[in-house]
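Remarks on the structure that follows.
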Amino acid sequence: MAFYTSNDSVNAIVADIGSYATKIGFAGEDHPRSYFRSHVAVLREEEKQDKSNGSNSADNTKRRRRRIQTVNYDNLNYPKEGNNDGEWEGINPIDSTTGLCYDPNTNYQYNNNTDWSDLIPTFLKHGYSSALGLKATSGVPLLMMERSYNPPPIRQQMLEILMEECDVPATYFGRDATMACYACGRTTSTVIDIGYSGTTVSPVHDGFVEQKGVRRSPIGTMAMDEMAVAQLQALIKEEAKRQHKATSTAVLKPLYQVKQPKAQRKEVFRRLALLQIGKECRESGAGQAINTAASKSLLVPSIAFTLPDGQVVDVPSSTRFAVANLAVGRGPTSEDDEQSQQQQQREELYNKTKTDLEDIIKAAMQPDDEMDKKETENDDGDEEEDQSSRYNEATAVGISSSLRGTKRGRKVGRSKGKDKASTSATAATEEGNHSNQPKVRFDNRILQRACVPYMETMLEQLTAFPVANMVCDAAFRCDREQQAGVLGNVVLAGGGACIGPTDQSVPDSLREQIEAIIHTHTPGWRVKVLSPGMQERAIASWLGGSILGSLGTFHEMWITKAEYEEWGTAIVNRKCP
């Protein structure tokens, strides 16, 4: 294996593209320099006329995916065009159901690339140019964060995008759970990551994620924000009743509607603006708090929260505790109706997520119709065969069995391309008209089929248990000799863990819950819950990557451009287990 060395004085770059925010910064620093929302507004190219039948492709059952032309990173506070959003769409490179860079859409006639494969290079270029002072993504090694359960096919496709399109000289894929351990100075622990789209509990032993112990829950900060918005809406209606006003007009107004009352926005942007109010309510302390022992014995007063339109509502203590308990609360008991109600909400979200994931698997397994088969045969059957073999079981464990992606494979591909130059001249001309045409081309349908076995495993990982039960379940699924290490140290990370009233409120509450479960069969067992401060808890994975990337011995772990050209995309599963 070759080592990456560089004479450049610029440190490596650490990037973490999450479901809520994207963090990009230099290794060795305490905070990312670039921090922006992952949900962006995009403007696509115009619909093309289908030359095969002379009709517009939008009239068919399946249509051509329109590529992204423009990206806007500020889409919450005002419409994009006058009083409406026009042709702008709201998208996120992270799928909310799986939490991965995955596009479940199967309604495209020509499955070339996806929205996330277009947005990843765009996000990197935006972060590099806006905050890091770099004009291009080439020339600087990149340490990319990924989910602890990210399947090999998506990892391989991401590596190809970084090497071919972003032209990075070296890269490394770090599991977010392992990086969170490094942020707390540990190599063995059970990591609780309360993210935007859900909560993931991953046991880490000696720096490696134990995949058989990973547990996932659909309860994340998005579910907490939705609950906070619903409670604020209920408080507004109650206040209107007390003042003898019409409840039909007593609605929660987002900030853009206060600035522009006539604005008519798309539902996706309106929902994001409302969730932003719920987030501000949570972070101000009015929307969430841990129900500690002191809170139970004392009469906790309500907290006032100011809405975007200037109206002030009093949030009672029971409402504040309910939002926090949804994410990190205890399991239901026969004496606590509130906990039973929250467990019912967990079950509803679990059933919805499970159904959506089953639909994704079912759609990926469906065979293509005759139109897709004909188009694939006419396009390039050899290329489809190469891409399918690239995602097989051998490459998933780091054994390259395909020439595609290697230097030799590209030479073979170029020789095949010369034979088909006459038939592809028209397509090449059309591609040349688009300056933002991606360099890396792949069939999303093949990628979807390759991910099916891993999606089925994700169904088994999904649970509706509270966080404390998820930690014990994850630890007990590991080998017997590993259980003491992973259960003795618990690392708490993620933006959803930033719950007050103090920095130690959530760690202390989870420690009590976990010990209460363990003491039923192992009395006296002590659990240590570690967590960064409230300001660093949301960027714990990025912070761990920053620490790892700044080590002097880390140059041995990089995937260099020479290794990629020799071994292909399978090298990522060997050097980044």
Side-chain angles (χ1 to χ4, degrees), residues 18-20 38-39 58 60-66 89-119 146-155 157-158 195-200 211 214-223 225-226 266-268 271-272 275 344-373 376 387-388 391 442-465 470:
S19 55
Y20 177 78
S38 297
H39 204 117
N60 300 329
T61 305
K62 294 191 175 184
R63 64 188 188 281
R64 183 189 298 271
R65 186 184 72 90
R66 297 191 297 164
E89 302 177 12
I91 61 174
N92 194 321
I94 307 298
D95 179 56
S96 59
T97 302
T98 61
L100 303 171
C101 292
Y102 183 83
D103 187 359
N105 199 328
T106 60
N107 294 326
Y108 295 135
Q109 180 180 354
Y110 308 99
N111 281 290
N112 288 326
N113 296 78
T114 59
D115 287 341
W116 69 262
S117 63
D118 292 348
L119 287 178
E146 63 173 357
R147 305 289 80 81
S148 58
Y149 54 91
N150 196 25
I154 297 180
R155 306 180 79 204
Q157 193 58 61
M158 180 71 74
Y196 187 67
S197 59
T199 300
T200 305
Q211 295 292 337
V214 176
R215 302 283 95 188
R216 294 181 60 246
S217 170
I219 306 298
T221 54
M222 182 169 59
D225 292 343
E226 289 176 347
K266 294 182 178 179
E267 181 60 28
V268 60
R271 181 172 178 268
L272 287 175
L275 291 179
Q344 183 179 0
Q345 293 177 340
R346 295 192 190 101
E347 293 285 349
E348 292 176 356
L349 286 173
Y350 164 77
N351 293 330
K352 179 181 181 301
T353 305
K354 182 180 179 181
T355 302
D356 293 342
L357 191 56
E358 289 175 345
D359 293 341
I360 290 175
I361 296 175
K362 183 179 179 180
M365 296 178 63
Q366 286 182 352
D368 293 335
D369 54 22
E370 296 300 326
M371 181 184 299
D372 290 333
K373 290 181 179 179
T376 302
Q387 185 176 346
S388 300
Y391 299 144
F442 66 94
D443 193 335
N444 188 45
R445 292 289 290 128
I446 301 177
L447 182 62
Q448 289 174 345
R449 296 190 190 100
C451 292
V452 167
Y454 306 97
M455 296 293 177
E456 293 174 347
T457 303
M458 291 173 59
L459 270 177
E460 302 174 359
Q461 297 173 348
L462 204 61
T463 179
F465 288 140
M470 292 173 61

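Positions are given from 1 along the sequence. Below, all heavy atoms of this structure are taken into account, side chains as well, without hydrogens, waters or symmetry copies. A quick note: this is a predicted structure, and the numbers were derived from the prediction, not measured.
Rounding to the nearest 0.5 Å gives a distance of 5.5 Å between CH2 of Trp116 and CD of Gln157. Expressed to the nearest 0.5 Å, how far SG of Cys101 lies from CG of Asn150 amounts to 7.0 Å. Here the straight-line distance linking atom OH of Tyr350 with atom OG1 of Thr355 works out to 9.5 Å at 0.5 Å rounding. The CD atom of Gln344 sits 11.0 Å away from atom CG of Leu349, with the distance rounded to the nearest 0.5 Å. Considering OG1 of Thr353 and CZ of Arg216, their distance stands at 8.0 Å, rounded to 0.5 Å. Distance CG/Asp356 to CG/Asn351: 11.0 Å, rounded to 0.5 Å.
Nearest heavy atoms, Tyr102 versus Asp95: O-CB, 3.4 Å. The heavy-atom pair separating Gly18 from Ile94 by the smallest distance is O-CG1, 3.6 Å. Nearest heavy-atom pair, Arg147 versus Gly99, reported as atom, atom and distance to 0.1 Å: CG-O, 3.3 Å. When all heavy atoms of Arg445 and Ala363 are compared, the closest pair comes out as NH1-O, 3.6 Å. Closest non-hydrogen pair, Gln461 versus Val214, comes out as CG-O, 3.4 Å. Arg449 and Ala364 make their closest contact through CG-O, 3.4 Å (heavy atoms, listed as atom of the first residue, atom of the second, distance).
When side chains are defined from C-beta on, Lys352 does not count as touching Pro218, because their heavy atoms never get closer than 4.5 Å. Looking at Pro151 and Leu100, their side chains come closer than 4.5 Å, going by heavy atoms from C-beta outward. You'll find the side chain of Tyr196 reaches within 4.5 Å of the side chain of Leu275, heavy atoms only. A 4.5 Å side-chain heavy-atom check between Thr114 and Leu447 finds every atom pair outside the cut-off. Within the 4.5 Å cutoff, side-chain heavy atoms of Glu456 are placed close to those of Val452.
A donor-acceptor pair under 3.5 Å is formed between the side chain of Gln211 and the backbone N or O of Ser148. With hydrogens and angles ignored, the 3.5 Å screen pairs a side-chain donor or acceptor of Tyr149 with a backbone N or O of Thr98. Side-chain N or O atoms of Thr97 include none that pairs as donor or acceptor with a backbone N or O of Leu357 at under 3.5 Å. Panel note: side chain Ser38, backbone Ser19; no donor-acceptor pair is recorded below 3.5 Å. Counting only distance, with no hydrogens or angles, the side chain of Gln448 and the backbone of Asn105 share a donor-acceptor pair below 3.5 Å. Not one N or O on the side chain of Asp115 forms a donor-acceptor pair closer than 3.5 Å with the backbone of Ile91.
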Report the C-alpha separation of Glu89 and Lys266 in whole Å, then their side-chain angles, then the decisive distance to 0.1 Å, and conclude whether the salt bridge (Lys or Arg N to Asp or Glu O under 4.0 Å) test is met. CA-CA 8 Å; Glu89 302 177 12; Lys266 294 182 178 179; 5.8 Å; no

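Figure legend: Arg215 and Phe465 shown without cation-pi pairing, the cationic atom not lying both under 6.0 angstrom from the six-membered ring centre and within 45 degrees of its axis.
Annotation: Lys354, atom NZ; neighbour count of heavy atoms from other residues, nucleotides and ligands within 6.0 Å does not exceed 12.
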